[in-house]
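Read through the structure below, which is laid out as structure tokens, and then see the notes.
Lettering of chains follows the sequences in order, A, B, ..., and the numbering in each one begins at 1. A quick note: this is a predicted structure, and the numbers were derived from the prediction, not measured.
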Amino acid sequence: MNDKVIETDELTKKFGSFTAVDKISFSIEKGEIFGFLGANGAGKTTAMKMLCGLSKPTSGKAKVGGFDVYTQTESIKKNIGYMSQKFSLYEDLNIMENITFYGGIYGLSSKEIKMRGEALVEKLGLKNETKKMVASLPLGWKQKLAFSVAILHEPKIVFLDEPTGGVDPVTRRQFWNLIYEAAQRGITVFLTTHYMDEAEYCDRISIMVDGRIDAIGTPGQLREAFKATNMDEVFYSLARGAKRSE
Amino acid sequence: MKQFMAFVKKEFVHVLRDRKTLLILIGMPIMQILLFGFAMSNEIKETKVVIVDQAIDNSSAKLVARIDASEYFDAEIRDLTITDFNIEAAFKKGDLKILLIIPPSFESHILHEGSAQLRIIADASDPNTASLLTTYLTSIIQDFQKDNLSIQTIPYNIEPEVRMIYNPQLLSAHNFVPGVMALVLMLVCVMMTAITIVREKELGTMEVLLVSPYKPALVMISKAVPYLALSWINLITIVLLGVFVMGLPFNGSILLLFVESTLFILTCLTIGIFISNITSSQQVAMLISLMGMMLPTVLLSGFVFPLENMPKLLQWISNVIPARWYYVIVKDIMIKGTGFMDILKETLALLTITAFFFIMSIKKFKQRLA
């Protein structure tokens with residue numbers, strides 16, 4: 001039984017003469033929380049797009065959830081969830097309508113949607129607000145709701161692109177509780193972040209510089225390897241060597 | 001299919017929840033028809049015409065009576081010799097558009113010299129109205145002359161009999177109802193579809209949709225569905241208003257009009273989708289829809305300005321304006337009552353334009369994903 005849900009081998013993406021992602025190889029196990037770090041323009045988003053089946057790699061191999069990123073993008077899409085750094089729910093729809101919509105396009109039956117939707121609002125403490133427009137919710141609630149909706153269809157992997165941007169520390173903490181809970185249920189979490197303290201919460205992290213993965217390991221391993229007291233220092237010592245920036 | 005229904009349902013919620021926009025979209029055709037119908041009419045009704053009768057004889061009285069009796073004019077007799085009626089001042093005030101002077105001894109000129117002269121003065125600062133008014137007035141005078149002549153015996157009298165077919169009263173409703181139809185459908189379909197798709201891009205929800213197993217092409221189609229429904233509502237509203245309020249005839253097949261209209265709606269939706277694919281902000285999408293589609297639709301569809309009088313280049317450009325073809329189709333079906341074979345050319349033109357934008361949209365879309 002292969003427990004590796006994401007496996008890449010020298011995965012590369014070029015735009016003309018520009019190599020956005022340069023031969024990255026790594027693997028992620030089931031239930032892992034994997035932090036995908038890097039400065040702006042390091043190639044994180046491009047790499048993530050390839051893994052989500054949105055963008056065809058130029059060369060190299062990659063499997064997501066056991067499916068090939070070249071040929072089985074449809075199967076990949078069915079097995080992943082996604083939450084973008086931009087807010088991904090519809091503000092002019094109420095909470096339940098958002099849940100019903102996303103459940104609907106992932107092909108859940110109305111019974112499943114009803115059951116999971118009710119459990120979801122119950123857990124988030126939004127039971128009495130299901131008819132409220134999402135626009136009227138505070139940002140922290142929106143983010144938590146967006147995450148819960150992204151894993152409504154029980155995907156193998158959930159991709160989170162800077163999920164906690166602009167959220168206060170308390171809500172961030174609550175948000176991470178949701179992430180841990182999902183990981184415990186066996187959902188692999190793949191996230192990008194700019195907060196180095198958040199990187200410490202991950203099981204394993206990788207740091208991208210100029211399209212390459214320059215470091216990969218548990219936060220403890222990385223601190224040790226770079227003789228640093230915290231992730232900030234690790235990140236700076238790597239990012240200093242970067243040639244390109246945004 | 002179930003996914004499709006879930007998506008379409010969501011789109012309807014978007015449309016129905018935005019009450020203001022919805023009200024505009026449904027109210028607009030009604031407003032336009034009523035405005036065009038009652039305010040922008042280029043028909044003449046009871047226009048004031050000042051007649052300066054210097055002759056005051058039998059014939060001049062008959063002529064004045066005839067003009068006054070017509071439904072187009074409301075005659076007002078002025079006497080230059082008694083009052084100090086100033087022609088120029090009256091025109092400058094703006095309430096006088098046309099003036100007729102009957103010179104002294106009008107009748108005796110007719111009887112003894114066989115010809116008499118009249119002077120018509122019209123305010124040509126609005127050339128369209130001026131030429132319309134003079135045409136109407138001249139034709140009344142010609143009628144009068146004809147009747148007078150028939151009493152006497154003149155050997156040669158050639159009378160061209162002009163018959164305006166399909167629209168004998170030259171009602172402008174025949175012109176603008178099909179025009180408004182094309183305009184409104186264009187506006188709803190092109191602009192609203194473009195905006196609604198670009199909005200998803202702006203909000204970032206498009207990304208989430210692309211990552212989902214829902215097919216990107218279906219995203220576009222589902223987003224267009226509510227506007228197809230809205231267009232049908234508008235179509236029915238305009239036809240009903242046109243027939244029952246504006247008195248437009250409906251000589252052709254209702255089914256054919258519906259099918260052709262749906263084709264035109266699809267053309268517009270495809271163009272809207274295409275615009276959404278080449279833009280990334282709602283403002284740009286709106287500008288392109290307005291400048292790129294609405295303006296040519298108004299100017300080059302033949303609805304406001306006759307295409308026949310335009311330079312060859314513009315005539316040639318007008319061929320790619322979908323509304324130009326649809327306008328002809330609607331007029332043909334409703335007013336002339338033609339069948340499908342007679343509008344085959346126009347139908348093919350619409351099909352070609354639709355196919356073109358459809359292929360371009362798909363190409364553009366694939367490029368963006370690569």
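Both the backbone and the side chain of A:Ile105 come within less than 4.5 Å of a heavy atom of chain B. Looking at A:Ile76, there are no atoms closer than 4.5 Å to chain B (heavy atoms on both sides), in backbone or side chain. With a 4.5 angstrom heavy-atom cutoff, B:Glu202 touches chain A only via backbone atoms. A:Phe159 does not touch chain B: none of its heavy atoms, backbone or side chain, sits under 4.5 Å away. With a threshold of 4.5 angstrom between heavy atoms, A:Ser109 approaches chain B through its backbone and through its side chain. With a 4.5 angstrom heavy-atom cutoff, A:Met133 touches chain B only via side-chain atoms.
Residue A:Gln72 comes nearest to A:Phe67 through the heavy atom pair OE1-CA, 3.4 Å, listed as atom of the first residue, atom of the second, then distance.
Residues A:Thr188 and A:Lys156 are not in side-chain contact: their nearest non-hydrogen atoms beyond the backbone lie 4.5 Å or more apart.
Between chain B and the options A:Met83, A:Lys78, A:Glu91, the largest number of non-hydrogen pairs under 4.5 Å is found for A:Lys78. The greatest number of non-hydrogen atom pairs below 4.5 Å with chain A, out of B:Ala6, B:Gly204, B:Pro213, is found for B:Pro213. Top candidate by heavy-atom pairs under 4.5 Å with chain A, chosen from B:Val13, B:Leu209, B:Val208, B:Leu203, is B:Val208.
Side-chain atoms of A:Trp141 and A:Glu129 include no donor-acceptor pair closer than 3.5 Å. For the residue pair B:Tyr326 / B:Ser261, a side-chain donor-acceptor distance below 3.5 Å is found, with atom types taken as modelled.
The number of heavy atoms from other shown groups lying within 6.0 Å of CE (B:Met286) does not exceed 12.
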task: Take A:Phe34 and A:Phe26 through the test ring pair (Phe, Tyr, Trp, His ring centres under 6.0 Å) and record every step on the way to the result.
output: CA-CA 11 Å; A:Phe34 189 81; A:Phe26 62 93; 5.5 Å; yes

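Stacking of B:Lys10 on the aromatic ring of A:Tyr90 is recorded, both the 6.0 Å distance cut-off and the 45° axial limit being met.
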